[in-house]
Amino acid sequence: MSTNTSSDKSSNEIHVEPEQTAVTRRDFIKGSAALGAAAVGAHAGTTALGASPLVGAGAKRSAFPAPAFLQGTTLRVVGTGVTLLDPIKAQAEQDLGITLQYDVKDGLTAQQIAVTQPQSWDVYDQWFNSVKIVWGAGVAQPVDVTRLPEWENLSPLTKVGKINDEAKVGAGDAPVRLLYVQPDGSLGSDPTEQVSMLPLTFNVDAFGYQSDVVGSDDARSWAIFYDPDYRGRVGLYNDPATGLMDLALGAEAAGLATFADIGNMTRDEIDAILNLLIEQKQAGQFRAFWNSFDESVNLMASGEVVVESMWSPAVTALRTRGVPVVYASPQEGYRGWHGGIMINEQASGATLDAVYEYIDWWMNGWAGALVARQGYYFSIPENAREHLSEAEWDYWYGGQPAAEDMLAPDGGVVAEQGEVRDGGSYETRMSNIAVWNSVMDEHQYLVSKWNEFLSA
Amino acid sequence: MAVMTQEQTPAVGSAAPDRGKGTVVLRGVTKRFEGTTAVDHVDLTVPGGSYVVLLGPSGCGKTTLLRMLGGHATIDEGEFLLDGVRTNDIPPARRDISTVFQHYGLFPHKSVRDNVEFGLKMRGLPRDARRRRADDALEFLDLTPMADRRPSQLSGGQQQRVALARALVTEPTVLLLDEPLGDLDRLLQLRMRVELRALQRRLRITFIHVTHNQEEALAIADQIVVMQDGRIQQVGRPRDVYRRPANLFTSGFMGDNNVVAGQVSAIDDGHVRVEGDGLTLLARHDATGVAVGQNLHASVRASCVSAEPAIGSGDTTSPERPNQVTATLIFLEYLGDIVKLHCRLPNGQAIVAKRAETDRTWDSLVEGEPVRLEWKTEDVQLLLA
Amino acid sequence: MSSSSSPEAVATARPARPASESRLRLAAGSAWALLLAFPLAWLLAFLIIPVVVVLVVSFFEPTLSGFNRVFTLENYLLLAESDAFIRTLGNTILNALITTVVTFLLGFWVAYYLALVVPDLRRKFALFIIALAPFFTSFLIRAIAWIPMMGREGLLNTALLNLGITSQPLDFLLFSDFAVRVAMIQLYLLFMVSPIFFSLSAIDPAILEAARDSGAGWWAILREILLPLARPGIVIGAVFVFVLSMGEFATVRLIGGGKTSSVGLGIQNFVTYIQFPQAAAAASVLVLVTVAGVVVLFRYGRVAEGL
Ligand SMILES: Nc1ncnc2c1ncn2[C@@H]1O[C@H](COP(=O)(O)OP(=O)(O)OP(=O)(O)O)[C@@H](O)[C@H]1O
Ligand SMILES: [Mg+2]
């Protein structure tokens, strides 16, 4: 498989010169105001998490000591509903004695705010596929890992690029390739003491399908996106850095395209895949594109689509609504994503101290346990484990049948006793990452082609 | 009652042209709106080619009556005959009747010429023919230089002439004019009413003209129709209506009349004696039924009352000397052509005398001094309603 | 007689007058300037400056995270060479024209009914408010309500299937050009109705009576009186609807579901992908085309004449 070749390129450095673009940051702001970049559809990708009294049921209380010197500091966090969750906010505020303002947006909108309104946030809680763009805009400062005692324990998945020696690194923007700030200010995989984004939450994505309509054989491969049996019933994620990866994996699986490096396509490869997509779109293969989490849930719930690029919490949400949706474990491997925290370039003094405390609090595992109940993994699994029950750990990480009913953070049952997690254990799933969400070298070219695809 | 039915309608005077088309006959015509009867059983005959003015105060139903004639309001009850043909249900387009609307209703988006051509266009005349006729109508009303202007670029008087031209170009037999002079300043009103009258004479069609201005009505009409509360009060030549108001309303509405409420005390020798308000009046005894002891009103036109300085200061009012009285001159109102003498009897009753400026008898009168007022028997009008 | 002194009086008075008049004029002038300053500042701040900024940015070189201040025509060349952009522009114009024409054809009668058929003012306004009702809810809610209405398993499709009119759900009711057009028409109808309603309401009823008096029937009154007098309202409504539909992206995204596009949506995508120069170039083209359309509408509509 061609993706294997890309793993050798792990030492490639991404050359982004912050100085060059830092000058123009203010222009973005003006520009975006002028364009009236109204964030319609910028409704947050929330995962229907209320501040329920059942929050953290079964988990140990966080034993984190509240440092007195932080009292009264406010941190403004911009990010997505994946990690900006009310229970996390409440717990962190209580433990740290700070005030958190969560600005919950969908991924692209959060990224846009990070770049165009750097004065409006202290912490950027998003994904590695936006690191190139946000770091490149010169709005973030490096995270000093020497200030983080838990850094030592961080999973090799991000520090080295794979969880064990047998695993494949996965093509594209594996976090390690964008992690370390090199002496010249660019980002690369050679370890240093400064990182661009402190890796925290991650998972692998696939697609969801309605098990009463879609045969499980069909659902074994990403090629299902091109299956004529589901013509007009396929839903896609409108994002060239992620949605395209699913489609490229599918095209490769269906024998419709090949890529030298699926995570970093050439112009010709981009042309080829997008021409294929336009052709398919015009033939009526794709029913709809979604931008926010809620939209992805609605499309499947209303029966508009039966196969859809989606995130695992959407599957959970649909299941609790009684829609028989299964999250696929495609044989070609998953599309991986890794989240984390970036610090604003301007943060200093008490604010900066608070940011480090907040990161440290995250690394301690309480939040990691909470996101585990959403189906996500945590970059220091052992720390999350401390806040999970035995049964939870075995189900979510161990890939074993649930010893008891598994509860979501809001108290709803996500898995009944005896159920096994789709795709198996943490090890199995994370060793099978085909490609990471990526911003390719030809990203700008891809964006304009993707726009053409949308208007075709 | 003084309301005259068509049978009683006096013939239009000698000034009237040949009787012809455009004879309007109304029989019991009625229009009701929620709560009010705007036009109440109107009977009226308008001879073809005459100039009739409907006169009455605001809200008396003039416009409503006109709109029924034009076909813009349905007739709830009664009959409207135009030249003998029942016209109640004929749509406006097919009546030989045109209207000059109260505020003209000119089409603001069309040129003067197009406004005038409009009716012909609606009748399907070819472009050339209607252009010719419209130009003739414009010429006729001295509007040729303004043919290409918009109504908003015209003076009030010019707009009024455009409305006339538009109404006349279709050669109606009856022209309805609703307060046609109402929007004009006084000088223009005076000039235009002469022109309207002349126009009607030239065209020899029926004009039915609505106004609440009695002077205008008197100046212009062959016949005046006095209306109040949806009902006709009196129909007659201007001089008849003016000299002999048929009832209290007409008398009050037609200018300076001294009206006295009184009782018939005697009837003899073709005279009726009326006492009231500290006065004794003697009137001619007409055919209408008057009985002794009857309560009625009597009116005397201010211009029929003569005034001279009172000799002595005794009370000259007495049954032996009717139609004269001594009063006090309160105020002498000098109006140029006319002098108005506002007088008061000892009992407070006001009497107005109007004298020509050239009649110098008033010259020796002094405000605050007694004055002797006198009028003739034939000038006393008995009002039975 | 006093008449002999009056020419002198006039003669002395004359030079004095222009002086005081000009003083007055000056005062009036500065008052006017003040009055004009506010809208001018407003225009400058919210219209001219943003347009200039967009124009300038459209000539900058795009980078991954924004742009460099380096002059380039590349952004425009890319648009010109892109079939997809040309097609999208064409589709945007077509949708805007369809929306404008259909909202006029429907909206005129709604306005006609409200202004001329409904007799009393209170009922007129009651109906007008009812017509406004959709605008009391947020756009998003209305757009989202389309899915249960028009979706594959929506009310309309279910009804059609149950009645046996169709044997398969109709896909084009949602996520299609058709759906986008219907939604835009529904959304913008009121922008057409309102100005036409006010134009028609302003017509003196005597004018209609005068037309009838001159022998005009219903059709002639419509053609000769109502349409010409409603023209300013029609043109203003058309400008509203045209401009709004040219810039439309939210409806296209939500109701179009990615199956159809508009220049506005393309711009929004470029903005979310932080490709501001391309967004600015597309926006400049869109503004240009929209302004051209508005100019044509005003020319053809001869609005000033009718006002
Ligand atoms: N459309 C209508 N609905 C209800 N009442 C009406 C209507 N038109 C007229 N009226 C009433 O009928 C009566 C007569 O009105 P009309 O307009 O005929 O009076 P007018 O004599 O022309 O008054 P003006 O001199 O003020 O024009 C009035 O009491 C008026 O209020
Ligand atoms: Mg009237």
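Chain identifiers are assigned alphabetically (A, B, ...) following the order of the sequence lines, protein sequences preceding nucleic acid strands; residue numbering begins at 1 within each chain. Keep in mind that what you see is a predicted model, and the values were worked out from it rather than measured.
- When all heavy atoms of Ala93(B) and Gly215(C) are compared, the closest pair comes out as CB-CA, 3.4 Å.
- Among residues 60-70 of chain B, the residues having any heavy atom closer than 4.5 Å to a heavy atom of chain C are, in sequence order, Arg67(B), Gly70(B).
- Looking at every heavy atom in both residues, Ile97(B) comes nearest to Asp213(C) through O-OD2, 4.2 Å.
- More than 12 heavy atoms of other shown residues, nucleotides or ligands fall within 6.0 angstrom of atom CZ in Phe198(C).
- For Arg94(B), no part lies under 4.5 angstrom from a heavy atom of chain C.
- For His109(B) (side chain) and Glu224(C) (main-chain N/O), a donor-acceptor pair under 3.5 Å exists by modelled atom type.
- Scanning for side chain to side chain contact (heavy atoms under 4.5 Å, CB included) contacts around Ala217(B) gives Val53(B), Leu55(B), Thr211(B), Ile224(B), with sequence neighbours left out.
- Top candidate by heavy-atom pairs under 4.5 Å with chain B, chosen from Asp204(C), Ile203(C), Leu208(C), Ile225(C), is Ile225(C).
- Atom NZ of Lys110(B) is separated from atom CG of Leu229(C) by 9.0 Å, given to the nearest 0.5 angstrom.
- Summarising the geometry of Gly105(B) relative to Ala210(C), their closest heavy-atom pair is O-CB, 3.5 Å, with the distance given to 0.1 Å.
- Residues of residues 96-115 of chain C lying within less than 4.5 angstrom of chain B, judged on heavy atoms, are absent.
- Residue contact with chain C, scored on non-hydrogen atoms closer than 4.5 Å, is absent for Leu176(B).
- For Ser98(B), the parts lying near chain C are the backbone and the side chain together; criterion is any non-hydrogen pair under 4.5 Å.
- Annotation: residues 118-133 of chain B contacts chain C through Phe118(B), Gly119(B), Lys121(B), Met122(B), Arg123(B) [non-hydrogen atoms, separation under 4.5 Å].
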